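Note that the structure is predicted; figures quoted are calculated from it, not measured. Heavy-atom basis, side chains included; hydrogens, waters and symmetry copies ignored. Indexing begins at 1, ligand by ligand and atom by atom, following the structure's order. In this chain, numbering begins with 1 at the start of the sequence shown.
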Amino acid sequence: MKIAIGSDHAGFQLKEELKVFLQEKGIDVKDFGTYSEESVDYPDYAIPLAESVARGEEKFGILICGTGIGMSIAANKVKGIRASLCDSKYSARCAREHNDANVLCLAGRVLKGELAKEIVNVWLNTSFLAGRHKIRIDKIINYEKK
Ligand code: RB5
């Protein structure tokens with residue numbers, strides 16, 4: 001499995017931690033930056049990552065900023081992206097089961113590393129349930145086609 005990961009300065013430390021965590025699982029990780037704690041603008045990382053996931057180059061993306069909010073707003077502007085800000089294992093499970101979310105957004109200034117890893121684990125191991133949820137996702141996809 002290939003996963004894209006990206007952050008701004010506020011998410012940099014957590015990005016580095018999660019990158020190692022994923023690589024230790026044998027996952028191929030593409031790092032979209034940023035590469036230091038120098039202040040940067042989150043859309044410059046969210047949009048290229050989201051476009052890459054939308055093209056199918058990676059199965060999922062993980063985006064981290066201070067709150068996860070800016071990253072989710074920016075990533076959701078890209079057609080085909082369903083980015084979800086998750087702060088718990090429950091929200092991660094629902095994001096995959098109900099929303100077929102393909103980008104996980106995390107709050108680097110809020111989440112502790114251990115909880116972030118648990119959220120990522122749930123995300124990676126949870127499949128879309130389809131059924132009634134697919135009807136709802138299809139409505140979003142149809143709107144994007146307009
Ligand atoms: C950076 O200070 C902060 O605004 C950013 O990381 C993010 O939280 C935006 O949503």
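- Heavy atoms of T67 found under 4.0 angstrom from ligand 1 belong to the backbone as well as the side chain.
- For D44 (side chain) and T34 (main-chain N/O), no donor-acceptor pair under 3.5 Å exists by modelled atom type.
- Ion pairing of E57 with R55 is present here, as a side-chain N (NZ or NE/NH1/NH2) and a carboxylate O approach within less than 4.0 Å.
- Contact analysis puts R109 in contact with ligand 1, with a non-hydrogen atom separation below 4.0 angstrom.
- Polar contact with ligand 1: present for G66 (N/O pair, distance under 3.5 Å).
- Note on E144 versus K79: no salt bridge recorded, every NZ/NE/NH1/NH2 to OD/OE distance being 4.0 Å or above.
- Atoms of ligand 1 found under 4.0 Å from any heavy atom of H9, numbered from 1 in the order shown, are 1 (C), 2 (O).
- Here the protein heavy atom with the shortest distance to atom 6 (O) of ligand 1 is D8 OD2, 2.6 Å.
- The closest side-chain heavy-atom distance from L129 to D100 is not below 4.5 Å.
- Of the protein's non-hydrogen atoms, the one nearest atom 10 (O) of ligand 1 is G70 N, 2.8 Å.
- The single protein non-hydrogen atom nearest to atom 9 (C) of ligand 1 is Y42 CE2, 3.5 Å, given as residue, atom name and distance.
- The side chain of A10, and not its backbone, has at least one atom closer than 4.0 Å to an atom of ligand 1 (non-hydrogen atoms only; side chain from C-beta on).
- Within a 6.0 Å sphere centred on NZ of K19, heavy atoms belonging to other residues, nucleotides or ligands number more than 12.
- Remark: S36 OG to F12 CZ distance equals 6.5 Å, nearest 0.5 Å.
- A heavy-atom distance below 4.5 Å is found between the side chains of M71 and Y45.
- The nearest protein heavy atom to atom 4 (O) of ligand 1 is not closer than 4.0 Å.
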